Undergrad: 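Quick one: the structure is below, and I'll ask about it shortly.
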Amino acid sequence: MSIDPASRIIQLVKLPLKQIWIVAIASGVLLFSPHWLLVRMKADAFVNNYGTWVSIVFVLSATSVVVNAIHWAWQARARSAKRAAYEFRRLDYLQRLSDQEKSVLREFYIQGQNTLRLPINHPTVTGLLRNGILVQLDSLCEGSLAGFLAPVAISNELPEPLVVAHIDLPREPVSEADRVYVLSNRPDFMPEIEHHNEIFHTSWRRSTF
């Protein structure tokens, strides 16, 4: 059966990158191996007959590998730059929290919970979610007078000391003045959520702050 090198080259272009790597290495071995090794591999006759095509295959496959490697490196650099910019914006946002946003984040510490059901359509919560300070853990929502409640948590990519440093949380020991300040500056939707929980989730843990 005769070999049609041109059709094989066309098929080479359509191969997945992993297989192109194999072709590049194999053709490189055939092209650059010393003659005695080709004889031992019984590939000398093949290289003599199709050496030109082996060279073409090597150049094409090696070029494809190099181009893909450059493309991958460029994308990796772009992703890294995008991630760095996102982290910068998130940290900048954390440093410029409004009083309302601070009060929402303090609720996690007041209630001693890693996860809270908060109204994700409330502007304050929406801003914290959009800027990566909070993350929504489930798409299921529950209607309430406060809004659509869904489980959310403070992003685990933010170190706890960093969060605590920006939400005006009193340090231990908590004075009575600190306690009064924190409890009188809770999110405006908390009464509705507590009323909702009292009716529908009476077994839920209550705050002991």
Side-chain angles (χ1 to χ4, degrees), residues 69 71-209:
H71 179 67
W72 178 87
W74 182 268
Q75 286 189 322
R77 181 179 179 182
R79 286 193 298 268
S80 178
K82 184 177 180 180
R83 181 66 181 177
Y86 171 76
E87 288 298 332
F88 176 83
R89 290 195 302 270
R90 179 162 63 173
L91 293 178
D92 181 64
Y93 190 88
L94 184 63
Q95 295 171 358
R96 297 184 295 102
L97 293 173
S98 67
D99 290 338
Q100 293 81 4
E101 289 169 328
K102 292 178 182 179
S103 70
V104 170
L105 296 176
R106 282 198 299 266
E107 278 301 309
F108 291 89
Y109 299 93
I110 292 175
Q111 300 191 36
Q113 300 289 333
N114 292 325
T115 302
L116 295 177
R117 295 178 68 83
L118 297 179
I120 59 173
N121 58 326
H122 189 282
T124 301
V125 178
T126 298
L128 291 169
L129 288 168
R130 184 175 58 250
N131 288 279
I133 308 300
L134 294 178
V135 291
Q136 185 174 338
L137 305 178
D138 196 328
S139 59
L140 294 178
C141 299
E142 181 180 5
S144 74
L145 293 177
F148 295 110
L149 303 181
V152 302
I154 297 175
S155 173
N156 58 15
E157 296 177 351
L158 293 171
E160 183 177 356
L162 184 63
V163 176
V164 171
H166 292 91
I167 61 175
D168 301 336
L169 191 69
R171 297 180 181 274
E172 297 289 346
V174 179
S175 68
E176 186 59 30
D178 290 334
R179 189 184 302 275
V180 171
Y181 169 79
V182 169
L183 294 180
S184 61
N185 287 276
R186 298 179 71 186
D188 54 8
F189 50 72
M190 285 310 300
E192 286 84 359
I193 293 180
E194 290 177 343
H195 179 66
H196 178 86
N197 291 341
E198 197 68 41
I199 296 175
F200 299 103
H201 306 285
T202 55
S203 63
W204 282 15
R205 177 183 176 184
R206 296 291 180 262
S207 168
T208 57
F209 184 81

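Everything quoted here is computed from the prediction, not taken from an experiment. Computed over heavy atoms, backbone and side chain alike; hydrogens, waters and symmetry mates excluded.
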Undergrad: Taking side-chain hydrogen bond (donor to acceptor under 3.5 Å, both in side chains) as the definition, give me every residue that meets it alongside N185, ordered by chain and number, with sequence neighbours left out.
TA: none
Undergrad: Let me know which of R89, Q95, R96 forms a side chain to side chain donor-acceptor pair (under 3.5 Å) with D92.
TA: R96
Undergrad: Counting only N and O atoms by type, is there a donor-acceptor contact under 3.5 Å from the side chain of T126 to the main-chain atoms of I120?
TA: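 Present.
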Undergrad: Roughly how far, to the nearest 0.5 Å, is CG of L128 from CD of Q136?
TA: 13.0 Å
Undergrad: Can you list every side chain to side chain donor-acceptor pair (under 3.5 Å) pair that touches residues 146-163, not counting sequence neighbours?
TA: R83-E157, R90-S155, R90-E157
Undergrad: Can you tell if the side chain of F108 reaches within under 4.5 Å of the side chain of L118, non-hydrogen atoms only?
TA: yes
Undergrad: Using the ring pair (Phe, Tyr, Trp, His ring centres under 6.0 Å) rule, collect all pairs that involve residues 121-156, keeping only residues at least two apart or in two chains.
TA: H122-F189
Undergrad: Roughly how far, to the nearest 0.5 Å, is NZ of K102 from CG of D168?
TA: 4.0 Å
Undergrad: Could you give the distance from CG (L140) to CG (L149), rounded to the nearest 0.5 Å?
TA: 12.5 Å
Undergrad: Kindly write out the residues that satisfy salt bridge (charged side-chain N to carboxylate O under 4.0 Å, His left out) with D188, not counting sequence neighbours, or none if the list is empty.
TA: none
Undergrad: When you measure from the side chain of Q111 to the backbone of Q113, do you find a donor-acceptor pair of N or O atoms at a distance under 3.5 Å?
TA: no
Undergrad: Under a 4.5 Å cut-off applied to non-hydrogen side-chain atoms, are I133 and V163 in contact?
TA: no
Undergrad: Between V152 and T115, is the side-chain contact (heavy atoms from CB on, under 4.5 Å) condition met? List the steps.
TA: CA-CA 6 Å; V152 302; T115 302; over 6 Å; no
Undergrad: Counting heavy atoms not belonging to N121, are there more than 12 under 6.0 Å from its CG?
TA: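 Correct, the count exceeds 12.
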Undergrad: Which residues pass the salt bridge (charged side-chain N to carboxylate O under 4.0 Å, His left out) test with D99, sequence neighbours left out?
TA: none
Undergrad: CG/N131 to OH/Y86 distance, rounded to the nearest 0.5 angstrom?
TA: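 OH of Y86 is found 7.5 Å from CG of N131.
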Undergrad: Side-chain atoms of residues 73-82: list all donor-acceptor pairs with protein atoms under 3.5 Å, sequence neighbours left out, distances to 0.1 Å.
TA:
unit_1	atom_1	unit_2	atom_2	d
Q75	NE2	H71	NE2	3.2

Undergrad: Can you find a pair of side-chain heavy atoms, one from L137 and one from V135, that are under 4.5 Å apart?
TA: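 In short, these two side chains touch, coming nearer than 4.5 Å.
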Undergrad: Suppose the criterion is salt bridge (Lys or Arg N to Asp or Glu O under 4.0 Å): which pairs have a residue in residues 104-113, not counting sequence neighbours?
TA: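 Checked against salt bridge (Lys or Arg N to Asp or Glu O under 4.0 Å) - neighbours excluded - the pairs reaching residues 104-113 are E107-R186.
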Undergrad: According to side-chain contact (heavy atoms from CB on, under 4.5 Å), who are the partners of P161, at least two apart in sequence or on a separate chain?
TA: P159
Undergrad: With side chains defined as the heavy atoms from C-beta onward, is the minimum distance between P151 and L116 less than 4.5 Å?
TA: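 No - every pair of side-chain heavy atoms lies 4.5 Å or more apart.
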Undergrad: Between L91 and L158, is there a side-chain heavy-atom distance shorter than 4.5 Å?
TA: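 A side-chain contact under 4.5 Å exists here.
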Undergrad: Carefully, step by step, assess M190 and I193 under the rule side-chain contact (heavy atoms from CB on, under 4.5 Å).
TA: CA-CA 5 Å; M190 285 310 300; I193 293 180; 4.2 Å; yes
Undergrad: What ring pair (Phe, Tyr, Trp, His ring centres under 6.0 Å) pairs are there with at least one residue in residues 156-187, not counting sequence neighbours?
TA: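 For residues 156-187: none.
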Undergrad: OG/S103 to CD1/I110 distance, rounded to the nearest 0.5 angstrom?
TA: 8.5 Å
